[in-house]
Amino acid sequence: MVILKFLRSFGSLSLFLLLFLSLIGCNEENASPPKQEIILATTTSTQDSGLLDDLIPFFEKESGIGVKVVAVGTGQAIQMGKDGNADVLLVHNRPAEDEFVKEGYGFNAYDVMYNQFYLVGPKSDPAGIALVHTAKDAFKKIAERQSLFISRGDDSGTHKKELSLWKAAGISPGGSWYLSSGQGMGDTLQMANEKEAYTLTDEATYLSYKGKIELEILLQGDPLLFNPYGIIQVKSSSKPDLAAKLVQFFVDPKTQKRIGEFGVKEYGKGLFVPDARKR
């Protein structure tokens, strides 16, 4: 009897395993082929603002191409392109972008959009930034008063812009009043908020964090604070056709319209101004 029960149980188990394996086989046969994927290396501001969460799903749905977004500073994104670890770059430091193309690492480059940088700080404004009209004078006042300033310090486009502003003001920042976060824009804004410090931020990230922090816009509108974004196809990409489609998606009139509308409902103004043009 024991042997008979065992055989019956064994038979049931075998039948179960056969059904299970046949189901796996059916699923493998019916499974969709792996989605093709490319890597977009970009600045943290496009990620932290929520723009890519708005745009990328449309591209993936229309093209069937998956996009892996790697949000780092502009300097790191460009290095990823040089190392062959990205297919497309969406960044915001024109001198570094032009050098990347000139050195032969990228092509098919376009302007995509722009906004501006803000100099933000605590409402108490200990350096009196609200009383000046240029970025040069604002940075001079911060240094003279040794008011706490938080730098991205991460070779990002914002960090590069900040360093260019210190240079324009004739100042080499340093000392206990000058701290480096080494973080993305969102984290740097939160750090400056906690320490009641000044910092330089892109417009989109600041507006998207406005309800979470108390820092105020103390300087805007200076031409030196202009913040253009560009998209570049990486020449060493192993998927040039897919990469070219992503570049064309960002400069397509439909996408440009969507970029111009992004943020209007939530913030009363668009976070980016579309301006697609071939370089």
Side-chain angles (χ1 to χ4, degrees), residues 39-60 67-81 86 88-94 96-97 112-121 149-163 179-195 197-218 220 225-232 246 250 255 258-274:
I39 297 175
L40 172 66
T42 185
T43 172
T44 60
S45 57
T46 54
Q47 181 81 329
D48 288 347
S49 66
L51 178 67
L52 295 183
D53 292 334
D54 185 72
L55 297 182
I56 294 301
F58 282 91
F59 173 76
E60 292 181 326
V67 179
K68 181 180 179 181
V69 175
V70 180
V72 291
T74 288
Q76 288 179 268
I78 288 176
Q79 189 60 49
M80 285 181 65
V88 178
L89 308 182
L90 177 62
V91 289
H92 67 145
N93 185 267
R94 187 60 188 267
E97 295 165 34
V112 173
M113 58 195 183
Y114 67 87
N115 56 19
Q116 64 177 315
F117 289 104
Y118 291 150
L119 182 55
V120 300
F149 185 95
I150 307 296
S151 168
R152 288 273 297 267
D154 61 351
D155 198 32
S156 62
T158 304
H159 183 216
K160 290 175 184 291
K161 169 61 74 171
E162 177 218 315
L163 294 179
L179 301 181
S180 177
S181 73
Q183 302 293 320
M185 195 68 256
D187 290 335
T188 300
L189 276 171
Q190 290 181 325
M191 182 176 173
N193 187 62
E194 291 169 4
K195 294 183 174 296
Y198 295 100
T199 193
L200 186 72
T201 176
D202 67 281
E203 183 178 17
T205 307
Y206 173 79
L207 292 177
S208 62
Y209 273 70
K210 195 174 179 182
K212 307 172 189 174
I213 57 177
E214 297 179 352
L215 298 175
E216 297 192 345
I217 301 169
L218 299 172
Q220 60 177 310
L225 299 178
F226 181 60
N227 183 27
Y229 289 78
I231 194 163
I232 307 169
L246 182 60
F250 271 90
T255 309
R258 195 171 184 90
I259 289 173
E261 294 171 347
F262 180 71
V264 172
K265 186 176 180 181
E266 293 85 354
Y267 310 111
K269 63 173 294 189
L271 300 191
F272 300 92
V273 180

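Residue numbers count from 1 along this sequence. The structure displayed is predicted, hence computed values, not measured ones. The basis for the numbers below is simple: all heavy atoms, side chains too, and nothing from hydrogens, waters or symmetry mates.
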- Going through the checks in order, is the side-chain contact (heavy atoms from CB on, under 4.5 Å) test met by Leu200 and Leu225? CA-CA 10 Å; Leu200 186 72; Leu225 299 178; 4.2 Å; yes

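For the residue pair Ile150 and Ala197, the shortest heavy atom distance occurs at CG1-CB, 3.7 Å. When all heavy atoms of Ser151 and Glu162 are compared, the pair lying nearest together is OG-OE1, 2.7 Å. Taking each heavy atom of Val112 and Ile259 in turn, the nearest pair found is CG1-CD1, 4.1 Å. Closest heavy-atom contact between Ala86 and Ala41: CB-CB, 3.8 Å. In this structure, Gln183 and Arg152 approach most closely via the heavy-atom pair O-NE, 2.9 Å. What you find for Ser181 and Thr188 is that their closest heavy atoms are OG-OG1, 2.7 Å.
When each of Val70, Thr46, Val88, Leu89 is tested with Leu40 by the rule side-chain contact (heavy atoms from CB on, under 4.5 Å), just one qualifies, namely Val88.
Between Thr44 and Asp187 there is no side-chain heavy-atom pair separated by less than 4.5 Å. Within the 4.5 Å cutoff, no side-chain heavy atoms of Glu203 are placed close to those of Asn227. Between Gln79 and Val72, the closest side-chain pair of non-hydrogen atoms is not below 4.5 Å. Contact annotation: the side chain of Phe149 approaches that of Leu119 to within less than 4.5 Å [non-hydrogen atoms, C-beta and beyond]. Between Asp155 and Gln76 the shortest side-chain heavy-atom distance does not fall below 4.5 Å. You'll find the side chain of Leu189 reaches within 4.5 Å of the side chain of Val120, heavy atoms only. Residues Asn115 and Tyr206 have side chains not in contact (no heavy-atom distance under 4.5 Å, counting atoms from C-beta outward). Put simply, the side chain of Thr255 does not reach to within 4.5 Å of the side chain of Phe58, judged on heavy atoms.
No donor-acceptor pair under 3.5 Å is formed between the side chain of Tyr118 and the backbone N or O of Leu207. The closest donor-acceptor contact from the side chain of Gln47 to the backbone of Leu52 lies at 3.5 Å or more, if one exists at all. Here the side chain of Asp48 pairs a donor or acceptor atom with the backbone of Gly186 at under 3.5 angstrom.
Thr201 and Tyr209 share no side-chain donor-acceptor pair at under 3.5 Å.
Atoms OG and CZ, on Ser49 and Phe262 in that order, are 5.0 Å from each other to the nearest 0.5 Å. Here CD of Gln190 is found 10.5 Å from CE of Met185. Values are rounded to the nearest 0.5 Å. Annotation: the span from Thr74 atom OG1 to His92 atom NE2 amounts to 4.0 Å, rounded to 0.5 Å. Distance CD/Glu214 to CD/Glu194: 11.0 Å, rounded to 0.5 Å. Rounded to the nearest 0.5 angstrom, Leu246 CG and Glu60 CD are separated by 9.5 Å. Separation of atoms CD (Gln116) and CG (Asp202) is listed at 10.5 Å; rounding is to 0.5 Å.
Aromatic ring pairs are classed by plane angle as parallel below 30°, tilted from 30° to 60° and perpendicular above 60°; the pair Tyr114 and Phe226 is tilted.
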